[in-house]
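One structure is given below, represented as structure tokens, and several questions about it will come after.
Every chain is numbered from 1 and lettered A, B, ... according to where its sequence line falls, protein lines coming before strand lines. Keep in mind the model is a prediction, meaning the values are calculated, not measured.
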Number of protein chains: 2
Amino acid sequence: MLSKKTKYGLKALTYLASLESREPVQIAEIAKHENISQKFLESILLTLRRNGFLGSKKGKGGGYYLIKEPEDILMTAVMRVLEGPIAMVPCVSLNFYEKCADCPDENKCSVNKLMLQVRDSALEVYRNNTLADLIAS
Amino acid sequence: MLSKKTKYGLKALTYLASLESREPVQIAEIAKHENISQKFLESILLTLRRNGFLGSKKGKGGGYYLIKEPEDILMTAVMRVLEGPIAMVPCVSLNFYEKCADCPDENKCSVNKLMLQVRDSALEVYRNNTLADLIAS
DNA sequence: CAATACCCTATCGTTTTTATAGATTTTAAT
DNA sequence: ATTAAAATCTATAAAAACGATAGGGTATTG
């Protein structure tokens with residue numbers, strides 16, 4: 001299951017990207033427009049800022065804004081930051097690899113063999129989608 | 001993340017398929033060979049039996065055995081029974097569809113658009129793999 | 001009778017989600 | 001320059017859902 005954190009983060013990014021201006025947008029406005037709990041969204045936007053997707057401006061007239069062009073924001077990066085590893089099992093993860101404790105030989109493991117294919121197919125999707133692609137109706 | 005239920009279920013099925021005979025195999029033997037907690041495996045084998053993948057024989061000399069040929073066991077079916085929906089979001093699920101409460105229009109939803117592609121790519125992998133494919137070294 | 005599968009329930013731990021409270025920074029207005 | 005409002009940031013933790021495990025009883029077969 002996709003976590004709500006990821007779902008809300010994607011929606012927030014999409015909303016910001018859909019606006020013509022790159023002026024700061026208040027959290028309250030994003031939360032209201034996308035039907036998200038404001039406080040929860042607050043922490044999500046923070047991690048997106050910390051990971052270089054968003055900039056923020058404090059004080060009156062402040063808010064969050066995209067720091068890169070939607071065309072340059074790859075879903076692989078967004079998903080890894082919000083959802084974590086793309087692989088369903090650590091033993092097939094590129095960025096978060098871990099050996100299975102129970103498995104004596106990965107090359108002979110049926111789970112490994114299947115999940116490797118699933119990872120590759122998911123990666124191809126994420127690599128072929130930028131934030132801009134998700135907006136185009 | 002792949003649940004351990006699914007992981008163990010797949011390993012158990014693989015082990016049974018790898019044996020030449022289709023005689024009943026005791027839970028204890030499967031658990032030991034695959035490093036799985038016997039009690040946990042018990043409940044997993046039960047759901048595999050209830051869903052038509054395994055047969056069981058009670059009493060002395062009893063155990064579980066494959067009810068179909070490995071070539072006829074599709075990963076789509078196995079994954080749906082063990083892991084649940086293949087889609088990461090209910091609004092793109094074929095077998096477990098549910099409308100999002102917060103989303104006014106699915107066709108304009110960026111999450112929907114992305115997860116639809118992910119679902120299709122995963123489905124293609126599962127449709128192209130039978131239990132027999134996972135055994136072939 | 002003994003071995004084994006089946007079934008029901010309770011518990012523990014982790015993750016996810018939401019909620020609360022307050023501190024800090026920045027801006028705009030006076 | 002000062003003040004007050006607006007907004008971000010930080011920290012904590014309660015609530016809920018889920019995963020994994022364990023215990024013990026019942027039924028069936030050889």
Side-chain angles (χ1 to χ4, degrees), chain A residues 1-12 16 23-32 34-51 53-67 79 81-85 88-90 96 100-102, chain B residues 1-12 16 23-32 34-67 81-85 88-90 96 98 100-102 111:
Chain A
M1 273 290 288
L2 194 74
S3 72
K4 293 207 174 175
K5 181 181 173 185
T6 304
K7 182 179 172 184
Y8 294 161
L10 277 174
K11 285 197 168 196
L16 290 176
E23 295 295 303
V25 180
Q26 302 166 22
I27 295 182
E29 180 185 332
I30 307 176
K32 195 175 178 186
E34 299 294 332
N35 287 308
I36 306 172
S37 144
Q38 177 165 344
K39 272 295 182 181
F40 191 26
L41 179 59
E42 207 175 301
S43 70
I44 298 170
L45 294 180
L46 199 55
T47 72
L48 286 174
R49 192 192 69 96
R50 289 204 181 108
N51 285 278
F53 295 103
L54 299 179
S56 68
K57 187 183 175 189
K58 286 188 183 178
K60 206 171 194 175
Y64 283 97
Y65 51 91
L66 278 184
I67 221 172
M79 289 298 291
V81 163
L82 292 175
E83 189 76 4
M88 293 180 80
V89 165
F96 303 85
C100 288
D102 48 317
Chain B
M1 274 291 285
L2 194 75
S3 72
K4 293 208 172 173
K5 181 179 173 186
T6 303
K7 182 179 173 185
Y8 294 161
L10 277 173
K11 286 199 167 193
L16 289 177
E23 294 295 304
V25 180
Q26 299 166 25
I27 295 183
E29 181 184 333
I30 306 176
K32 193 175 178 186
E34 299 295 332
N35 288 309
I36 306 172
S37 145
Q38 179 165 342
K39 272 293 182 179
F40 193 24
L41 180 59
E42 202 175 307
S43 68
I44 297 170
L45 296 179
L46 199 54
T47 71
L48 286 174
R49 193 192 68 98
R50 289 204 182 108
N51 285 280
F53 295 101
L54 299 178
S56 69
K57 189 182 175 188
K58 287 186 183 180
K60 204 173 194 174
Y64 284 96
Y65 51 91
L66 277 185
I67 221 172
V81 162
L82 292 175
E83 188 75 5
M88 294 181 78
V89 165
F96 302 84
E98 245 178 88
C100 289
D102 47 316
V111 178

Along DNA chain C (nearest heavy atom to each residue), the more 5'-positioned of A/Ser43 and B/Gly62: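 Upstream on the strand: B/Gly62.
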
Need one value for B/Glu42: base, sugar-phosphate or nothing, where a base atom within 4.0 Å counts as base even if backbone is also close, heavy atoms only.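 Base contact.
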
Is any side-chain nitrogen or oxygen of A/Arg49 closer than 4.0 Å to OP1 or OP2 of D/dA7?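 Indeed not, no polar side-chain atom of A/Arg49 lies that close.
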
Which whole-number value in Å describes the distance from A/Ile44 CD1 to D/dT8 P?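 Distance check: A/Ile44 CD1 to D/dT8 P gives 14 Å.
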
How long is the line joining CD1 of B/Ile36 and P of D/dA22, in whole Å?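 Those two atoms, CD1 and P, are 14 Å apart.
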
Do you know the tightest heavy-atom contact between B/Ala12 and B/Leu41?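 For B/Ala12 versus B/Leu41, the nearest heavy atoms are CB-CD1, 4.0 Å.
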
Name the nucleic acid region contacted by B/Leu45, choosing base, sugar-phosphate or nothing; use a 4.0 angstrom heavy-atom cut-off, strictly under.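 It contacts nothing in the nucleic acid.
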
Whole-Å gap separating C1' (C/dA28) and NZ (A/Lys60):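 Result: 5 Å.
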
Can you tell me how far P of D/dA20 sits from CG of B/Leu46, to the nearest Å?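 Those two atoms, CG and P, are 17 Å apart.
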
Check the pair A/Glu34 / A/Leu10 against side-chain contact (heavy atoms from CB on, under 4.5 Å), numbers first and verdict last. CA-CA 11 Å; A/Glu34 299 294 332; A/Leu10 277 174; over 6 Å; no

Atom pair CG (A/Asn35) and SG (B/Cys100), whose distance is rounded to the nearest 0.5 Å: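 One finds 11.0 Å between CG of A/Asn35 and SG of B/Cys100.
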
If you define the side chain from C-beta out and look only at heavy atoms, does anything of B/Ile44 sit under 4.5 Å from B/Tyr8?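 B/Ile44 vs B/Tyr8: side chains touch.
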
Quickly, which of A/Leu45, A/Val81, A/Thr47 forms a side chain to side chain contact (heavy atoms under 4.5 Å, CB included) with A/Phe53? Name it, please.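 That would be A/Val81; it is the only one of A/Leu45, A/Val81, A/Thr47 passing the side chain to side chain contact (heavy atoms under 4.5 Å, CB included) with A/Phe53.
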
Carboxylate-amine/guanidinium proximity below 4.0 Å for B/Glu29 and B/Lys32: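 A salt bridge is absent here (no side-chain N lies under 4.0 Å from a carboxylate O).
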
Whole angstroms only, please: what is the CG-C1' distance between A/Leu54 and D/dA7?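 One finds 15 Å between C1' of D/dA7 and CG of A/Leu54, rounded.
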
I want to verify a distance call: between C/dA5, C/dT17, D/dT21, whose nearest atom is closest to the B/Gln26 side chain?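 The listed nucleotide nearest to B/Gln26's side chain is C/dA5.
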
When all nucleic acid strands are considered with a 4.0 Å heavy-atom cut-off, which category describes B/Ile27: base, sugar-phosphate, or nothing?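 It contacts sugar-phosphate atoms only.
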
Provide, to the nearest angstrom, the distance between the CD atom belonging to A/Gln38 and the C1' atom belonging to C/dT20.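 To the nearest whole Å, that distance equals 14 Å.
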
Would you mind telling me which of D/dA22, C/dT18, D/dA20 lies closest to the side-chain atoms of B/Ser37?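 Minimum distance to the B/Ser37 side chain belongs to D/dA22.
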
Can you work out whether A/Ala28 or B/Leu2 has the more 5'-proximal nearest nucleotide on DNA chain D?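 Going by which nucleotide is closer to the 5' end, it is A/Ala28.
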
May I have the distance from A/Lys58 (atom NZ) to C/dT25 (atom P), rounded to whole angstrom?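 From A/Lys58 NZ to C/dT25 P: 6 Å.
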
Mind calculating the distance between CG (B/Leu41) and P (C/dA5) to the nearest angstrom?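 These atoms are roughly 10 Å apart.
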
Which nucleotide in D/dA20, C/dA3, C/dC7 has an atom nearest any side-chain atom of B/Lys39: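 When the side chain of B/Lys39 is considered, C/dC7 is the closest of D/dA20, C/dA3, C/dC7.
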
Check the phosphate of D/dG30 against B/Lys57, side-chain N and O only, distance under 4.0 Å to OP1 or OP2. Yes or no?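 Yes.
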
Using only side-chain N and O atoms of A/Ser56, determine if any of them is under 4.0 Å from OP1 or OP2 of D/dA7.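 No, because none of the side-chain N or O atoms of A/Ser56 sits under 4.0 Å from OP1 or OP2 of D/dA7.
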
Just compare C/dT17, D/dA20, D/dT21 and give me whichever is closest to any side-chain atom of A/Phe40.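 Nucleotide nearest to A/Phe40's side chain: C/dT17.
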
Report yes if a side-chain nitrogen or oxygen of A/Tyr64 is closer than 4.0 Å to either non-bridging phosphate oxygen (OP1 or OP2) of D/dC9; otherwise report no.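 Answer is yes, contact under 4.0 Å.
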
